[in-house]
> 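Take this structure first; my questions come after.
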Amino acid sequence: MPAQKIETGHNDIVHDVTMDYYGKRVATASSDTTIKITGVSNNAASQHLATLSGHTGPVWQAAWAHPKFGSILASCSYDGKVIIWKEGNQNEWTQAHVFSDHKSSVNSISWAPHELGLCLACGSSDGNISVHTARSDGGWDTTRIDQAHPVGVTSVSWAPSMAPGALVGSGALEPVQKLASGGCDNTVKVWKLYNGIWKMDCFPALQMHTNWVRDVAWAPNLGLPKSTIASASEDGTVVIWTVAKEGDQWEGKVLKDFKTPVWRVSWSLTGNLLAVAAGDNNVTLWKEAVDGEWQQASTVDQ
């Protein structure tokens, strides 16, 4: 499929681009304090659908909720707020909820797997992670991981809800509630919800980076026994972390030293391709070979 250029209409840096579940709309987050929604189709020019204004600082990320909850988008900003946007009539968006729990920039948001309900994790420069879960009465419950990375949380990513090995194991298992986070302390941490309280699930913290971790992404596991997390760092490396089974130690392996800061990592829906966006303005795709080594599959033409 040929690359399609999208004119976002932003008048400042675009920090995040995220496609909805059906691949029909793109939400972009920008330093101009807005989120813009653009319609995309294979054969037509992109079409501006809506501008969402409510933040008072750069917007770092936007994230679509699963469509089973309706048409919902979350955004996070330097202004310390997280806004939940809801679409009523087509392309008419309102602020359904504003979370102001954090004392400084909220750098990353991640919706939980839909099996866990409408649930959003948020990571902030104040060092804390907040997790907001919608109730049936329209309110929200909040749990917190205080001082998850005391010098600042840069990224959060949910684990798949299916327990590792569920397809080869027996019967239906309770969905797992786990998160990975990255921070300005150069570490990746894994968290698990035990009886309503978040606890660290990896000891010690995962440490192979020598500079800020900019992004973490937990791979879909499709029922396989092992869990995989990719982390990207200002130090120029991407590390692939794996754990064979619950309770084992995570092991890290450097995918590549890109010799330039790496900003984002993103898995394909099947978890077998990893996209890496680095400071040299290149996006590369990687896949794991049969022998466990990672190989570059392609470069995405910009």
> Just how far is it from atom CZ of R144 to atom CG of D146, taken to the nearest 0.5 Å?
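Rounded to the nearest 0.5 Å, the CZ-CG separation comes out at 4.5 Å.
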> Under 4.5 Å between any side-chain heavy atoms of V213 and D215, yes or no?
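The answer is no, as the side chains (C-beta and beyond) never meet within the 4.5 Å cut-off.
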> I need the S231 OG to L206 CG distance, nearest 0.5 Å.
8.0 Å
> Out of curiosity, I84 CD1 to K81 NZ, how far, rounded to the nearest 0.5 Å?
14.0 Å
> Examine L179 and L193 and state if one hydrophobic cluster contains both, with Ile, Leu, Val, Met, Phe, Trp and Tyr joined whenever side-chain heavy atoms are less than 4.5 Å apart.
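Cluster IDs for L179 and L193 match.
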> Considering residues, nucleotides and ligands other than Y78, do more than 12 of their heavy atoms fall under 6.0 Å from its OH?
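Counting neighbours around OH of Y78, 12 or fewer heavy atoms of other residues, nucleotides or ligands fall under 6.0 Å, so no.
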> Does the pair S124 and S104 meet the rule for a side chain to side chain contact (heavy atoms under 4.5 Å, CB included), with working shown?
CA-CA 7 Å; S124 167; S104 53; 3.9 Å; yes
> Measuring from atom CE of M200 to atom NZ of K189, what distance do you get when rounded to the nearest 0.5 angstrom?
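With rounding to 0.5 Å, CE (M200) is 5.0 Å from NZ (K189).
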> Let me have the donor-acceptor pairs involving side chains of residues 110-118, under 3.5 Å, with sequence neighbours excluded, atom names and distances please.
residue, atom, partner, partner atom, Å
W111, NE1, A63, O, 2.9
H114, ND1, K68, NZ, 3.3
E115, OE1, S161, OG, 3.1

> Taking all heavy atoms of V153 and all of A148, pick out the closest pair and write down the distance.
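Result for this residue pair: CG2-CB, 4.3 Å.
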> Which residue, S75, S77, C76, forms the side-chain contact (heavy atoms from CB on, under 4.5 Å) with V106?
C76
> Any sub-3.5 Å donor-acceptor pair from Q61's side-chain atoms to I109's backbone N or O?
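Yes; judged by distance alone, with no hydrogens or angles, the pair exists.
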> State the OG-CG distance between S298 and L273, to the nearest 0.5 angstrom.
7.5 Å
> Considering residues, nucleotides and ligands other than N195, do more than 12 of their heavy atoms fall under 6.0 Å from its CG?
no
> Apart from V98 itself, what residues make up its hydrophobic cluster when side-chain heavy atoms of I, L, V, M, F, W and Y under 4.5 Å apart count as a link, directly or indirectly?
I35, I37, L49, L52, V59, W64, L73, I83, W85, W93
> For L269, check side chain to side chain contact (heavy atoms under 4.5 Å, CB included) against everything at least two apart and list the hits.
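Partners of L269 by the side chain to side chain contact (heavy atoms under 4.5 Å, CB included) criterion come out as none, since no residue qualifies.
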> Under 4.0 Å between a Lys/Arg side-chain N and an Asp/Glu carboxylate O for K178 and E246?
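Counted as a salt bridge, because a side-chain N and a carboxylate O are separated by less than 4.0 Å.
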> Under 3.5 Å, is there a donor-acceptor pair linking the side chains of T142 and W140?
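Per modelled atom types, T142 and W140 side chains form no pair under 3.5 Å.
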> If you take all heavy atoms of A219 and P160, which pair is closest and at what distance?
O-CG, 3.3 Å
> Between the main-chain N or O of T133 and the side-chain N or O of D141, is there a donor-acceptor pair closer than 3.5 Å?
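No, because the side chain of D141 does not come within donor-acceptor range (under 3.5 Å) of the backbone of T133.
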> Side chains of W212 and S233 only: does a donor on one sit below 3.5 Å from an acceptor on the other?
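Their side chains do not contain a donor-acceptor pair, so the 3.5 Å distance test is not met.
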> Look at the rings of F69 and H66 and say which category their plane angle falls in: under 30° parallel, 30 to 60° tilted, over 60° perpendicular.
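Because their plane-to-plane angle is over 60°, the rings of F69 and H66 count as perpendicular.
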> Taking the side chain as everything from C-beta on, heavy atoms only, tell me whether W267 gets closer than 4.5 Å to P220.
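The answer is yes, as the side chains (C-beta and beyond) meet within the 4.5 Å cut-off.
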> If you apply the rule side chain to side chain contact (heavy atoms under 4.5 Å, CB included), what do you find for K36 with S30, and how did you get there?
CA-CA 8 Å; K36 288 186 185 283; S30 168; over 6 Å; no
> Does N272 have any side-chain hydrogen bond (donor to acceptor under 3.5 Å, both in side chains) partners at least two apart in sequence or in another chain, and if so, which?
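With sequence neighbours excluded, N272 shows a side-chain hydrogen bond (donor to acceptor under 3.5 Å, both in side chains) to S268, T270, given in chain and number order.
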> So, the side chain of N221 versus the backbone of S227: is there a donor-acceptor pair under 3.5 Å, distance only?
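Answer holds: no.
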> For S125 and N107, which heavy atoms make the closest approach, and how far apart are they?
OG-ND2, 3.0 Å
> When clusters are formed by joining ILVMFWY residues with side-chain heavy atoms under 4.5 Å apart, either directly or through shared neighbours, do W286 and V265 land in the same one?
yes
> For a quick check under 3.5 Å, do W218 and T228 share a side-chain donor-acceptor pair by atom type?
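No pair is found: no donor N or O on one side chain lies under 3.5 Å from an acceptor on the other.
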> Checking D201 side chain against K192 main chain: does a donor-acceptor pair fall under 3.5 Å?
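No: the side chain of D201 does not pair with the backbone of K192.
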> Which heavy atom of Q249 sits nearest to which heavy atom of V243, and what is that distance?
O-CG2, 3.7 Å
> Could you name each residue pair satisfying ring-ring contact (aromatic ring centres under 6.0 Å, His included) that touches residues 178-203, not counting sequence neighbours?
W158-W198
> Tell me, do R25 and E87 make a side-chain contact under 4.5 Å, heavy atoms counted?
yes
> Might you work through the side chain to side chain contact (heavy atoms under 4.5 Å, CB included) test for C184 and T154, ending with a clear yes or no?
CA-CA 7 Å; C184 304; T154 54; 3.8 Å; yes
> A quick test of your reading: do over 12 heavy atoms of other residues, nucleotides or ligands sit less than 6.0 Å from CD of Q147?
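Above 12, so yes.
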> Measure across I229 and V216 and return the closest heavy-atom pair with its distance rounded to 0.1 Å.
CG2-CB, 4.5 Å
> Might you work through the side chain to side chain donor-acceptor pair (under 3.5 Å) test for T284 and N282, ending with a clear yes or no?
CA-CA 6 Å; T284 50; N282 282 321; over 6 Å; no
> Can you name the closest pair of heavy atoms from S46 and V40 and give their distance?
CB-CG1, 4.4 Å
> Tell me whether I145 is reachable from V151 by hopping between hydrophobic residues (I, L, V, M, F, W, Y) whose side-chain heavy atoms are closer than 4.5 Å.
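In one cluster with V151: I145, no.
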> Only one of I6, T38, T28 clears side-chain contact (heavy atoms from CB on, under 4.5 Å) with V17; which?
T28
> Is it the case that more than 12 heavy atoms not belonging to K253 sit under 6.0 Å from its NZ atom?
yes
> Please tabulate, one pair per line, all N/O donor-acceptor pairs under 3.5 Å involving side-chain atoms of residues 256-263, not counting sequence neighbours.
residue, atom, partner, partner atom, Å
D257, OD1, K259, N, 2.9
D257, OD2, K259, NZ, 3.4

> Report the C-alpha distance between H132 and D101 in whole Å, list the side-chain angles of each, state the deciding distance to 0.1 Å, and finish with yes or no for side chain to side chain contact (heavy atoms under 4.5 Å, CB included).
CA-CA 10 Å; H132 307 286; D101 305 44; 3.6 Å; yes
> What's the separation between atom NE2 in H55 and atom OG1 in T33, rounded to the nearest 0.5 Å?
9.0 Å
> Are side-chain N/O atoms of H102 and S100 paired as donor and acceptor at under 3.5 Å?
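Looking only at side-chain atoms, S100 and H102 do not form any donor-acceptor pair under 3.5 Å.
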> Go through the steps to decide whether E92 and K86 satisfy the test salt bridge (Lys or Arg N to Asp or Glu O under 4.0 Å), and finish with yes or no.
CA-CA 8 Å; E92 288 182 13; K86 208 163 193 171; over 6 Å; no
> Indicate yes or no: at least one non-hydrogen side-chain atom of S181 is less than 4.5 angstrom from one of H149.
yes
> Less than 4.5 Å apart, any side-chain heavy atom of I240 and any of V254?
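Sidechains of V254 and I240: no contact.
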> Would you kindly say whether H209 and N186 are connected by a side-chain donor-acceptor distance under 3.5 Å?
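Per modelled atom types, H209 and N186 side chains form no pair under 3.5 Å.
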